[in-house]
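Just the heavy atoms: all of them, side chains too, but no hydrogens, waters or symmetry mates, feed the values below. Note on naming: letters A, B, ... go to the chains in the order of the sequence lines (proteins, then strands), and numbering restarts at 1 for each one.
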Amino acid sequence: MRMSQYFLPTMKETPSEAQIVSHRLMLRAGLVRQTSAGIYAWLPLGLRVLRNIERIVREEQDGAGAQEVLMPTIQSADLWRESGRYDAYGPEMLRIKDRHDREMLYGPTNEEMITVLFRDGVKSYRDLPKNLYHIQWKFRDEVRPRFGVMRGREFLMKDNYSFDIDKAGAIHSYNRMFVAYLRTFARMGLKAIPMRADTGPIGGDLSHEFIILAETGESAVFCHKGLVDKDILSRKIDYASDLQGIVNEWTSLYAATDEMHDAKAFEALPESERLAARGIEVGHIFYFGTKYSKPMNAVVAGPGGEQITVEMGSYGIGVSRLVGGIIEASHDDAGIVWPEEVAPFKVAIVNLKPDDGAVGGACQKLYDALGAKGVAVLHDDRDMRPGGKFADMDLIGIPWQVIVGPKGLAAGKVEVKNRKTGTREELPPEQVLARFG
RNA sequence: CGGGGCGUAGCGCAGUCUGGUAGCGCGUCUGCCUUGGGCGCAGAAGGUCGUCGGUUCGAAUCCGGCCGCCCCGACCA
């Protein structure tokens, strides 16, 4: 993408409504614009990040055996009357009426709808297990939206639902998602720690929140230090196998949010192993048995012809929240520092002198060659002074900056700067291609 | 939902107390200059002062209603 043509409204100053760093940076870097309290429009650069996060979530869900569907944002009130949650959910649910005066709602979650889809489509134990996910916008009419996209009213969420014949199967489904979540967040460059959680209004008796550590996190968290650096990506995962061992590795070490905190157990750890910090919840998984399947009659025929109520679990990742969460976890004074996997572009070419034919030609050549290799590259070909370009590039946080100026070029070199470490290298352009190809 | 605050140019703000017809910085546009970290000079455009009503010869300014947004708390994925 050529920056001179890109819709990328960056700002030098911070709009006064933004208080936390991720919100400030998202506005300044031209990722989003607020349109109402807790509701945001995603601009091109922000949308690329959002799509990258979706992509990783999707790959990991598929890899763990979940299947993608897409359910609507608007649901019928009758559906929610069936589970008994229409009245229970309260004012956080946005209720609307259509032209025929039918009661509808903007979905805050999809347990009811998925249960009906499952119930109508699956009649035999032979079709189990099933795990269905979708990535869709949700609306929860928060009393007080805040922190930018991290607590918006409209937000993009991956939610999925598992259906098993018995509790053992349901626990296996739960464990699969547990491991898939560890991988998902690790791939985004995050250290997400699973913590024993309160099941809240969704209900159930087994639940973990996945929390990333950040100073500005909403909740206080306490855990064993060993959890921070545990690595999942280097392991080969067989989702068909018993995953309980891996789950136990993570759950045997102490980790809890403040509402589940057991000060005694925590203080029993050696002081050097205790970590008390703040965190942002980016995922939440639940096993809830027959809480929905029973009232909504989601049953299948068992081997002996008997009717068996299915065992369910639900699993959520706050996709749009992650954009803010990643920034909270990865930024510096100059701006955002995107982890490569989610970065809107991997490489940025900074043309220091656009009206110099040689410099422009070298930039264009690099741009075309990198593009041909499938590298996402942003070309700052704007007619601006270098200072502003550097500032913008640091602000939007592209991992690699290839800086091309007349001086270096005369010596046959361009400069490659790493956004995260600040290290710079002078290389001939061909080597740049080799590096990022 | 309790408490507090704010709404004036794209962004940040002054002006409101004490009523007299709107200003600063940044950004934007034009020209010149400059070109390795938001450079300089000159010129220009851009605002029904959130909205409705009231008081007044006259309202950004005073009074009232409404709307919107933010912060703290409670609540919450």
How many Å lie between CD on A/Glu218 and C1' on B/G73, as a whole number?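 Taking atom C1' of B/G73 as the reference, CD of A/Glu218 is at 13 Å.
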Could you tell me whether the side chain of [X] has a donor or acceptor atom within less than 3.5 Å of a complementary atom in the base of [N]?
{"X": "A/Arg385", "N": "B/U34", "value": "yes"}
{"X": "A/Glu142", "N": "B/A77", "value": "yes"}
{"X": "A/Arg28", "N": "B/G27", "value": "no"}

Rounding to an integer number of angstrom, what distance separates [N] and [M] when you compare their [atom1] atoms?
{"N": "B/A60", "M": "B/U8", "atom1": "C1'", "result": "7 Å"}
{"N": "B/U61", "M": "B/G20", "atom1": "P", "result": "10 Å"}
{"N": "B/G23", "M": "B/C39", "atom1": "P", "result": "26 Å"}

Identify whether the distance between the nearest side-chain nitrogen and carboxylate oxygen of A/Glu60 and A/Lys158 falls below 4.0 Å.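 Result for this pair is no, no salt bridge flagged.
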For a 4.5 angstrom cut-off between non-hydrogen side-chain atoms, does A/Trp80 reach A/Pro108?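 Answer yes - side chains close enough.
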Scan side-chain atoms only and decide if A/His134 and A/Asp159 contain a donor-acceptor pair under the 3.5 Å cut-off.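 On atom types as modelled, these side chains qualify, holding a pair under 3.5 Å.
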Do A/Tyr254 and A/His261 get their side chains close enough for a donor-acceptor pair, meaning under 3.5 Å?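 On atom types as modelled, these side chains qualify, holding a pair under 3.5 Å.
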Both distances under 3.5 Å, Watson-Crick or G-U wobble: report the partner of B/U21, or none.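 No nucleotide pairs with B/U21.
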B/S/- along nucleotides 7-13 of chain B (protein heavy atoms under 4.0 Å) is ----BSS
Answer yes or no for this row: A/Phe155 ring on B/A77 base, centroids under 5.5 Å, planes under 30°.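 Stacking between A/Phe155 and B/A77: present.
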Can you find a side chain N or O atom of A/Gln34 that sits less than 4.0 Å from OP1 or OP2 on B/G68?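 No.
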Does NZ or CZ of A/Arg48 fall inside the cone over A/Phe345's six-membered ring, less than 6.0 Å from its centre and within 45° of the axis?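 Pair A/Arg48/A/Phe345 counts as cation-pi.
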Indicate, with a heavy-atom threshold strictly under 4.0 Å, whether A/Gly90 touches base, sugar-phosphate, or nothing.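 Since no nucleic acid heavy atom lies under 4.0 Å of A/Gly90, the category is nothing.
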Classify the angle between the aromatic ring planes of A/Tyr181 and A/Phe185 as parallel (below 30°), tilted (30 to 60°) or perpendicular (above 60°).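 Ring orientation, 0 to 90° scale: perpendicular.
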